[in-house]
Structure formats: C-alpha cells, structure tokens
Amino acid sequence: MKTKIILFFSLFIFSIYGNAQFSSLPYDSEEFSKFKASKTFAVLTGDHNFDTQLIAAMSESWKVTPFETIKGSDFEKILEDKDVSASYLFMSSKGGLILINGGGKTLGQCHVLTASDASQRTNEPNPTDCAYRLRNMIESMLRCMDLIQQNNLKGRPWNIDKYLRNIYNSNAGKMPSRTLLFCEDSLGDLLTKTDIAGTYPYKYEMCSKEKIAQVIAEKSTEYYYFQPIINQFKNLSVVDPSNGEIIYYYAVLDFELPASQALKVKKGNIEDMAKQIKAKKK
C-alpha cells in the first residue's frame, strides 16, 4: 500500500487568483478524498518563532487528519519518491500557507486544496512575519474546506471562490457587535485615520501589530481585526481572532489606477465594507 502524505507549504512561485482564503476544488473531488485518507506533514522552516507557532497551531486546531512535523530538507526526497503522495509547508520569499496533495513530479503538478496568504507588501515583508497569525490562518483554511463540503460547492475554481466570498460576506452584519481593529502599519499611505473615521460608522480602534497578535493569542471575543493581504493582488478581510472565521472578504484590483495605488488600501475600500455591513446587519 502506498504511503499518502500531505504537507503544508508556503511557496514563493505559487499564486492562484491572489486570494487569501480559498479552495479551488469541490470537496467530493478525488484530491479531497486523497487528503482525507492521508497524514498531514507540517514542514518546519528553521525559524524558531515561526516553527513554535506552527506546531502550537497544528496541535490545537488540526483535527481533520493525523499530522506530524517534518524538516524542510526532506522535501525533495519525498517529492521524488513515486510511492509517496507528498506536499510541504516551507517558507520562501512570499510566506503564507498552502495545503496541497503531492505526487506530482514537480510542485507545479501538485493539486492545491486551500491556502492562506501573507501580506508581503505591507507589514509582513519577510516570509515568517505572519507567524503571529498562523493559528487563525490554519483555522480559516479548515473552515474554507468545511464550507465547501457543507454547501456542496462545485464548478470552476473562480465560481467556487465567488460562492465562498458570498458565504463569508453573509456574516458581515456581525461586525458592529465588536470593536474592529485596524493595524496602522498594514494600511499603507493612501488611507488615513480621518478616512476611516469618516467612512466606518461602528466601533473601531487603530492599533499596532502587537495588539493583533495579542487578541489572537487570547482568542478575544471583544474584537475583530481588519486584515489586508497585499502582494500581487489586494485582498481585504475581517477575521474573528477567537476562531479564524472570515466574516468579510473582498478581493479587488483597481485596474484604473497605477500599480503604486492599486495595491494599497484606500477610502473606497472601507466605504464598500461599511455598505456590506449595513446590507447584512440584522
């Protein structure tokens, strides 16, 4: 019997639609069947803080399959083994987490199950800078797969992504019940505090990255946090730090603007979010 292994990896050459929490496969696909019958290997990076956070997050949140950790140096050996279906979590220039089924001769031939990106162009420029969010990232990836299964989502990848966005945004009405945290160094230089004050009519607080890390560690139910993911694309989400649930998600690319502006958070993005909250508020 062949050994089936699935691992997390963060891969600098990989980007599908630039989405922060997505899955491109129906849950009844052959690839998900392989995943559910396999062991998951979380690949360590060699960075002490990141690896510590990863192990803790996996130990607490990963219940869907058995899992182990593995050194990144073993990656090529497993990838080249034709009797092993393998994939990895390893850090590179863009960070983030991707869950794949292995078995391909190259990484490009491996099937992606779900992913959660780092924000390379804002306050997570180094691959391991998203370590403080790892538990929420893993939780959101698991929830993404659960939503696909529960709602029996099928179709082409972009259609599944569209369905997921609608599901995420159906919860936007929850936002006024808590204080929304805006991390100042994640917003860029186009959005000002005055812009937020004039467009977001609910409770909010400007804060540091350390405050976001704190509410995640505490599993706070008093806050949500605004999480821009900006690399090749711009993705904006609002996350529940207590369980990683995405309650607002919007992928945007402002083609009418120069790249220097298109890949930044702007006032209109906050206006759109406030409109979505109002539409979904009960």
Side-chain angles (χ1 to χ4, degrees), residues 4-11 14-43 54-69 85-90 95-104 107 109-118 130 133-171 216 227 229 235 237-251:
K4 295 181 180 179
I5 304 175
I6 302 176
L7 305 99
F8 271 123
F9 74 101
S10 97
L11 177 60
F14 189 86
S15 177
I16 293 183
Y17 313 121
N19 290 340
Q21 296 86 16
F22 77 99
S23 180
S24 59
L25 297 171
Y27 204 83
D28 61 357
S29 67
E30 180 181 352
E31 293 303 320
F32 268 119
S33 296
K34 289 181 180 179
F35 163 66
K36 290 180 285 186
S38 303
K39 176 181 285 188
T40 301
F41 279 73
V43 183
L54 178 62
I55 292 170
M58 290 292 289
S59 298
E60 180 174 349
S61 302
W62 193 265
K63 310 299 180 185
V64 66
T65 67
F67 84 90
E68 293 181 18
T69 58
S85 179
S87 18
Y88 278 77
L89 175 103
F90 65 90
L97 299 179
I98 302 175
L99 177 64
I100 66 170
N101 278 343
L107 285 173
Q109 295 176 338
C110 296
H111 289 276
V112 175
L113 299 170
T114 183
S116 185
D117 291 341
C130 63
R133 293 196 295 116
L134 282 177
R135 195 195 79 245
N136 277 178
M137 292 167 73
I138 290 171
E139 289 169 333
S140 72
M141 293 165 74
L142 292 170
R143 189 177 296 272
C144 174
M145 292 190 289
D146 285 344
L147 288 172
I148 290 175
Q149 181 182 26
Q150 292 165 7
N151 293 276
N152 195 26
L153 301 183
K154 297 181 180 181
R156 296 182 180 274
W158 50 87
N159 287 330
I160 293 177
D161 178 66
K162 181 180 178 181
Y163 296 146
L164 284 170
R165 292 184 199 182
N166 289 337
I167 293 171
Y168 292 143
N169 291 341
S170 68
N171 293 312
I216 293 173
Q227 181 61 58
I229 299 294
N235 303 283
S237 59
V238 173
V239 185
D240 184 339
S242 70
N243 59 14
E245 181 183 8
I246 308 301
I247 65 167
Y248 175 78
Y249 181 70
Y250 189 38

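Heavy-atom basis, side chains included; hydrogens, waters and symmetry copies ignored. Since this is a predicted model, take the numbers as computed values, not measurements.
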Could you walk me through whether Arg133 and Val239 pass the side-chain contact (heavy atoms from CB on, under 4.5 Å) check?
-> CA-CA 10 Å; Arg133 293 196 295 116; Val239 185; over 6 Å; no
Gap between atom [atom2] of [Y] and atom [atom1] of [X] - 0.5 Å precision:
{"X": "Thr114", "Y": "Leu97", "atom1": "OG1", "atom2": "CG", "value": "9.5 Å"}
{"X": "Ile216", "Y": "Asn243", "atom1": "CD1", "atom2": "CG", "value": "11.5 Å"}
{"X": "Asp161", "Y": "Tyr249", "atom1": "CG", "atom2": "OH", "value": "6.0 Å"}
{"X": "Asn166", "Y": "Ser170", "atom1": "CG", "atom2": "OG", "value": "8.5 Å"}
{"X": "Cys130", "Y": "Asn136", "atom1": "SG", "atom2": "CG", "value": "11.5 Å"}

Do Tyr163 and Leu147 pass the side-chain contact (heavy atoms from CB on, under 4.5 Å) test, and can you show the C-alpha distance, the side-chain angles, and the key distance before you say yes or no?
-> CA-CA 10 Å; Tyr163 296 146; Leu147 288 172; over 6 Å; no
By side chain to side chain donor-acceptor pair (under 3.5 Å), which residues pair with [X], not counting sequence neighbours?
{"X": "Thr69", "answer": "none"}
{"X": "Asn159", "answer": "none"}
{"X": "Lys154", "answer": "Asp28"}
{"X": "Thr65", "answer": "Thr40, Trp62"}

Where does the angle between the aromatic ring planes of Tyr248 and Tyr250 fall among parallel (under 30°), tilted (30 to 60°) and perpendicular (over 60°)?
->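 Plane angle between 30° and 60°, so tilted.
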With sequence neighbours excluded, give me every salt bridge (charged side-chain N to carboxylate O under 4.0 Å, His left out) pair touching residues 138-152.
->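 Found Arg135-Glu139.
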Heavy atoms, side chains only, cut-off 4.5 Å: are Gln149 and Phe32 in contact?
->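 SC-SC contact between Gln149 and Phe32 ruled out.
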So do Val238 and Ile246 actually touch side chain to side chain, heavy atoms under 4.5 Å?
-> no
Where is the tightest heavy-atom contact between [X] and [Y], given as atom of each residue plus distance?
{"X": "Met58", "Y": "Ile138", "result": "SD-CD1, 3.8 Å"}
{"X": "Val43", "Y": "Leu54", "result": "O-CD2, 3.8 Å"}
{"X": "Arg165", "Y": "Ala251", "result": "NH2-CB, 3.4 Å"}
{"X": "Leu142", "Y": "Ser61", "result": "CD1-O, 3.4 Å"}

Backbone of Leu153 reached by a side-chain donor or acceptor of Asn151 within 3.5 Å |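 Side chain of Asn151 to backbone of Leu153: no pair is present.
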With respect to Tyr168, which candidate in Ser140, Ser237, Cys144 satisfies the side chain to side chain contact (heavy atoms under 4.5 Å, CB included) definition?
->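 Of the listed options, the one satisfying the test is Cys144.
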In this structure, are over 12 heavy atoms from other groups packed under 6.0 Å from Gln150 atom CD?
-> yes
